[in-house]
Q: 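Pasting a structure below so you can have a look.
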Amino acid sequence: MKPAAFDYVAPRDLKSAIDALVGAGGDGKVMAGGQSLTPLLNFRMARPSLIVDLLRIPGLSFIELRENTVVIGALTRHADLEFSDVIAAHLPVMAAAMPHVAHLAIRNRGTIGGSLSHADPAAELPMLAVFYGATIKVEGPAGRREIPAEEFFVSALSNCLEPEEIVFEIEFPVLTSHTGWAFEEVARRFGDFALGCIAVSLELTDNTVSDARVAVMGVDDTPRRLREAEEILRGAEGGARTALRFAQIVRASVSPADDIHVSSDYRRNLIGALAERAFNTAFARAVGAKP
Amino acid sequence: MKMDIAVTVNGRKYQEIVEPRLLLSDFLRETLGLTGTHVGCEHGICGACTVLVNGDSVRSCLTLAVRANGAEITTVEGLGTPEALNELQHQFREKHGLQCGFCTPGMLITGMDLLKKYPLASDAEIREGLSGNLCRCTGYQNIVAAIRAVVDQQDGNAS
Ligand SMILES: Cc1cc2nc3c(=O)[nH]c(=O)nc-3n(C[C@H](O)[C@H](O)[C@H](O)COP(=O)(O)OP(=O)(O)OC[C@H]3O[C@@H](n4cnc5c(N)ncnc54)[C@H](O)[C@@H]3O)c2cc1C
Ligand code: FES
Ligand code: FES
């Protein structure tokens, strides 16, 4: 199908983009990479009267290391993250996840700001934002504000933005003391949306876990950080027993729904299996990475 | 609403007046008459409509034509000619990488971008790279073989 008619502006700065949205009185829609919005336009599931294209706004596409954070501009494309040395060196879980985001042609256009705003419950970048404890910075008619990733995602395909607010950059804290990590995902085909996915990162002291970070997606309405699972890893040693106990807690922490792809039980078992594998991989990496 | 756009397609410059809702796929096929770019699903799933925009593969069905203003576009018509196929096209012919040909323009364009950006050391990597392009005829084996042949040849030339 083809999109219904709409008006189109491609402003040169953020302020004009916000003004255009305000002018459209709630009937305007921001376009970034267009990889989620254009299908909705084509099927006429979205019929905005105005498209505000962010494509021509300069300065919104960058990846920068600032002390212990990596700051990423909202228009940075998935492919830029995939091939970035800064990401590979400082956000290794993101580097591992990027090839799983859709397919090359879509990664060449899709942006981080668009992916976060779209808030698909089975998307990788929203989960990474929750995993790293990212701060999402937005600007609207009332000025700027900063939103912690865990508060940003409200439910499936819905975020906490006001209609005229635009994401302009995202700050990812680097987990500097963590030396072991793992990213595990299962999808129908490579590049499809995930049926289940987990990220784990560990800090070790004397071969014992002294800090852990765990997040999952595809098993709930929003990506989730699992603090209880992090807690039981603290003080644990590597090995099959820890991995099994960890998997048990992860399984018990999620409540996936049945859907057209798979049953709730399938997703719960899948996330348990991925949790076990992820812990073992992360621990092995941490041990191997020790000086 | 109508807008002026200027694009270069396969080396030739075009200036056209289009509605903002016009998709790049329809612009190429209907406005310019370049029907080599195929349209299957119009929501990014099948990959048949893939073209190069400023050297990167993109879905033309998920691109508004107005967003391509100022861009250089390469479609399958720009890869080679029937008399002088490019190497990937040649290998598709050699390895029987197509049957009905519907998916082929998208496969070729995707293949060009994959060859540029990934080492494609294993066939598994080629298959991952093609996971966004559907083919209902070949079973993919011969498409993978065609891309493999180009990689092997490039590696041969490099060493
Ligand atoms: C076939 C296919 C497979 C895919 N598979 C995956 C996958 O496996 N994993 C995955 O994560 N994604 C996948 N995607 C989605 C892809 O990653 C999108 O690029 C992404 O979700 C949206 O980014 P975008 O820049 O294209 O946003 P757009 O489509 O431009 O916008 C999406 C939404 O966000 C809003 N928006 C965009 N930017 C901003 C901003 N800066 N501030 C406020 N609001 C904004 C828009 O108004 C719109 O509502 C897939 C897409 C397709 C077509
Ligand atoms: S027509 Fe564009 S991906 Fe199918
Ligand atoms: S050759 Fe017929 S769809 Fe691929």
Side-chain angles (χ1 to χ4, degrees), chain A residues 1-10 28-29 31-57 75 77-80 82-83 98-111 114 118 185 187-193, chain B residues 1-3 5 18-26 30 39 41-71 106-107 109-118 124-134 140:
Chain A
M1 272 180 70
K2 315 293 176 192
F6 49 75
D7 286 339
Y8 171 94
V9 287
K29 200 96 184 98
M31 181 177 280
Q35 301 303 289
S36 295
L37 181 53
T38 316
L40 295 175
L41 295 174
N42 289 357
F43 287 104
R44 303 200 177 187
M45 285 154 76
R47 299 184 70 148
S49 64
L50 177 72
I51 291 287
V52 179
D53 195 340
L54 303 182
L55 187 69
R56 314 277 171 190
I57 302 180
L75 285 190
R77 299 188 192 285
H78 303 335
D80 298 330
E82 179 183 4
F83 295 115
M98 290 321 291
H100 294 265
V101 180
H103 314 287
L104 178 60
I106 290 158
R107 293 197 292 275
N108 279 335
R109 278 294 165 275
T111 67
H118 193 60
E185 170 173 324
R188 270 275 159 75
R189 292 175 309 164
F190 202 85
D192 282 5
F193 279 107
Chain B
M1 183 177 189
K2 297 250 182 186
M3 298 180 71
I5 61 166
V18 300
E19 275 190 89
R21 65 165 158 168
L22 184 69
L23 301 174
L24 181 59
S25 43
D26 291 329
E30 315 278 330
V39 171
C41 66
E42 295 191 323
H43 61 296
I45 302 289
C46 75
C49 69
T50 311
V51 300
L52 298 175
V53 175
N54 296 330
D56 292 324
S57 59
V58 309
R59 300 283 201 246
S60 60
C61 76
L62 299 186
T63 308
L64 302 175
V66 289
R67 308 192 94 198
N69 190 16
M107 289 289 180
I109 296 285
T110 303
M112 296 300 292
D113 204 18
L114 292 174
L115 284 162
K116 193 172 73 185
K117 290 178 181 161
Y118 297 97
E125 208 184 331
I126 296 176
R127 284 173 189 283
E128 275 173 22
L130 292 176
S131 64
N133 290 67
L134 299 183
Y140 302 97

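Chain letters run A, B, ... following the sequence lines, proteins first and then strands; every chain starts at 1.
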Q: CG/L104(A) to CG/N133(B) distance, rounded to the nearest 0.5 angstrom?
A: 9.5 Å
Q: Would L23(B) and T38(A) count as a side-chain contact (heavy atoms from CB on, under 4.5 Å) if you check the C-alpha gap in whole Å, the side-chain angles of each, and the deciding distance to 0.1 Å?
A: CA-CA 9 Å; L23(B) 301 174; T38(A) 316; 4.0 Å; yes
Q: The criterion is side chain to side chain contact (heavy atoms under 4.5 Å, CB included); which residues satisfy it with L115(B), sequence neighbours excluded?
A: L88(B), L120(B), I147(B), V150(B), V151(B), Q154(B)
Q: How long is the straight-line distance from CG of D113(B) back to NE2 of H103(A), given to the nearest 0.5 Å?
A: 14.0 Å
Q: Nearest 0.5 Å please: distance from the CG atom of L62(B) over to the CG atom of L41(A).
A: 10.0 Å
Q: Would you give the length of the straight line joining atom CZ of R56(A) to atom CZ of R67(B), rounded to the nearest 0.5 angstrom?
A: 8.0 Å
Q: Relative to chain B, which segment of A10(A) carries a heavy atom at a distance below 4.5 Å: side chain, backbone, both, or neither?
A: neither
Q: Just give me the residue among I109(B), T50(B), V66(B) that pairs up with chain A most often, heavy atom to heavy atom, under 4.5 Å.
A: V66(B)
Q: Go through the structure and list residues passing ring-ring contact (aromatic ring centres under 6.0 Å, His included) with H43(B), not counting sequence neighbours.
A: F43(A)
Q: Checking N54(B) against chain A: side chain, backbone, both or neither under 4.5 Å from a heavy atom?
A: neither
Q: Look at E19(B), R127(B), K117(B) and state which one has the largest set of heavy-atom pairs under 4.5 Å with chain A.
A: K117(B)
Q: Give me the atom names and distance for the closest heavy-atom approach of R21(B) to F6(A).
A: CA-CZ, 3.5 Å
Q: With a 4.5 Å cut-off on heavy-atom pairs, point out which of T110(B), L64(B), L114(B) contacts chain A the most.
A: L64(B)
Q: Check for a donor-acceptor pair, side chain of S131(B) on one end and backbone N or O of G191(A) on the other, with a separation under 3.5 Å.
A: no
Q: I need the residue from P99(A), A102(A), A5(A) with the largest number of non-hydrogen atom pairs under 4.5 Å to chain B.
A: A5(A)
Q: Which region of N42(A), side chain (C-beta onward) or backbone (N, CA, C, O), has a non-hydrogen atom less than 4.5 Å from a non-hydrogen atom of chain B, or is it both or neither?
A: side chain
Q: Quick one: CG on D26(B) to NZ on K2(A), what's the gap to the nearest 0.5 Å?
A: 3.5 Å
